[in-house]
Visitor: 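One structure follows; several queries about it will come next.
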Amino acid sequence: MSVHFSSASDLWATPQDFFDRYNKIWKFDLDVCALPENAKCAKYFTPEQDGLKQEWKGVCWMNPPYGREIGKWMKKAHESVLTDQAIVIALVPSRTDTAWWHDYVGFSRVEFIRGRLKFGGHRNSAPFPSAVVTMQTPLGAHNLKR
């Protein structure tokens, strides 16, 4: 369990059944940060391709590295959504006290996951809560139901 609390790894592979539930709804086009062995979509960016330097289009799945770099991934997701070329569904640790949460989650739809996920390659559940953040261009005020 000690590796969960260390910086030994910030990669938490998405559980396949968890991804499948969201893919059934969203039909993802692109996994923006993946390893070949855990990519969730036919089209994906590897660390060598550096998804932060790529253009994100379509419906994107993002399970970013959970270390200090997560803010950069959330910023890229936010900026990609603002181009109107991408919708980003992000599986992230529920860290509502962090700068990246306040800076980039904003008006996104947030689903807090009940319990703790068991990420791929780990015997135990994660020591942190998770959330799924749906980032897409907000509807204009005239489209909102009152």
Visitor: Any side-chain hydrogen bond (donor to acceptor under 3.5 Å, both in side chains) involving residues 18-29? Give me the pairs, sequence neighbours left out, ordered by first then second residue.
Guide: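 Sorted pair list: Gln16-Asp20, Tyr22-Glu111.
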Visitor: Write out all pairs satisfying ring-ring contact (aromatic ring centres under 6.0 Å, His included) with one or both partners inside residues 82-101, taking only residues at least two apart or from two chains.
Guide: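 Listed by first then second residue: nothing to list.
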Visitor: Taking only residues two or more places apart in sequence or in another chain, which ones pass side chain to side chain donor-acceptor pair (under 3.5 Å) with Lys75?
Guide: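 Result, side chain to side chain donor-acceptor pair (under 3.5 Å) vs Lys75: none returned.
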Visitor: With rounding to the nearest 0.5 angstrom, report the CG to NZ distance, Asp31 to Lys40.
Guide: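 Separation between the atoms: 8.0 Å.
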Visitor: Quick one: do Met74 and Val105 satisfy side-chain contact (heavy atoms from CB on, under 4.5 Å)? Show the steps, please.
Guide: CA-CA 8 Å; Met74 293 302 286; Val105 173; 3.8 Å; yes
Visitor: I'd like to check Arg95 versus Asp97 (side-chain heavy atoms, cut-off strictly below 4.5 Å). Are they in contact?
Guide: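 SC-SC contact between Arg95 and Asp97 confirmed.
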Visitor: Provide the closest heavy-atom pair for Pro47 versus Ala34 in the form atom of the first, atom of the second, distance.
Guide: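 What the structure gives for the nearest pair is CD-O, 3.3 Å.
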Visitor: Given side chains that start at C-beta, do those of Pro64 and Glu69 come closer than 4.5 Å, heavy atoms only?
Guide: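 No, side chains not in contact.
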Visitor: As a quick check of understanding, evaluate side-chain contact (heavy atoms from CB on, under 4.5 Å) for Ser108 and Val133, giving each step before the final call.
Guide: CA-CA 6 Å; Ser108 301; Val133 178; 3.5 Å; yes
Visitor: Just to verify, what does Trp61 make a ring-ring contact (aromatic ring centres under 6.0 Å, His included) with, not counting sequence neighbours?
Guide: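 Residues passing ring-ring contact (aromatic ring centres under 6.0 Å, His included) with Trp61: Phe19, Phe28.
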Visitor: Just to verify, what does Lys43 make a salt bridge (charged side-chain N to carboxylate O under 4.0 Å, His left out) with, not counting sequence neighbours?
Guide: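 For Lys43 there are no salt bridge (charged side-chain N to carboxylate O under 4.0 Å, His left out) partners, ignoring immediate neighbours.
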Visitor: Closest approach of Trp56 and Ala77, non-hydrogen atoms and distance?
Guide: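 Minimum heavy-atom separation between Trp56 and Ala77: CZ3-CA, 3.5 Å.
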Visitor: Applying salt bridge (charged side-chain N to carboxylate O under 4.0 Å, His left out), name anything that partners Glu37, two or more places apart in sequence or on another chain.
Guide: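 None.
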Visitor: Which pair of non-hydrogen atoms, one from Tyr104 and one from Met135, has the smallest distance, and what is that distance?
Guide: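 Shortest heavy-atom separation between Tyr104 and Met135 comes out as O-CE, 3.4 Å.
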Visitor: Can you name the residues that form a side-chain contact (heavy atoms from CB on, under 4.5 Å) with Thr46, not counting sequence neighbours?
Guide: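 With neighbours one apart ignored, the set is Pro36, Tyr44, Glu48, Gln49.
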Visitor: Nearest 0.5 angstrom please: Asn63 CG to Trp73 CH2, how far?
Guide: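 Those atoms lie 10.5 Å apart.
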Visitor: Nearest 0.5 Å, please: how far is CG in Leu30 from CD in Gln54?
Guide: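 Taking CD in Gln54 and CG in Leu30, the distance rounds to 9.0 Å.
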Visitor: Return a table of donor-acceptor pairs under 3.5 angstrom between the side chains of residues 80-92 and protein atoms on other chains or two or more places apart.
Guide:
from	atom 1	to	atom 2	distance (Å)
Ser80	OG	Lys76	O	2.8
Thr83	OG1	Ser80	O	2.6
Thr83	OG1	Gln85	N	3.2
Asp84	OD1	Thr137	OG1	2.5

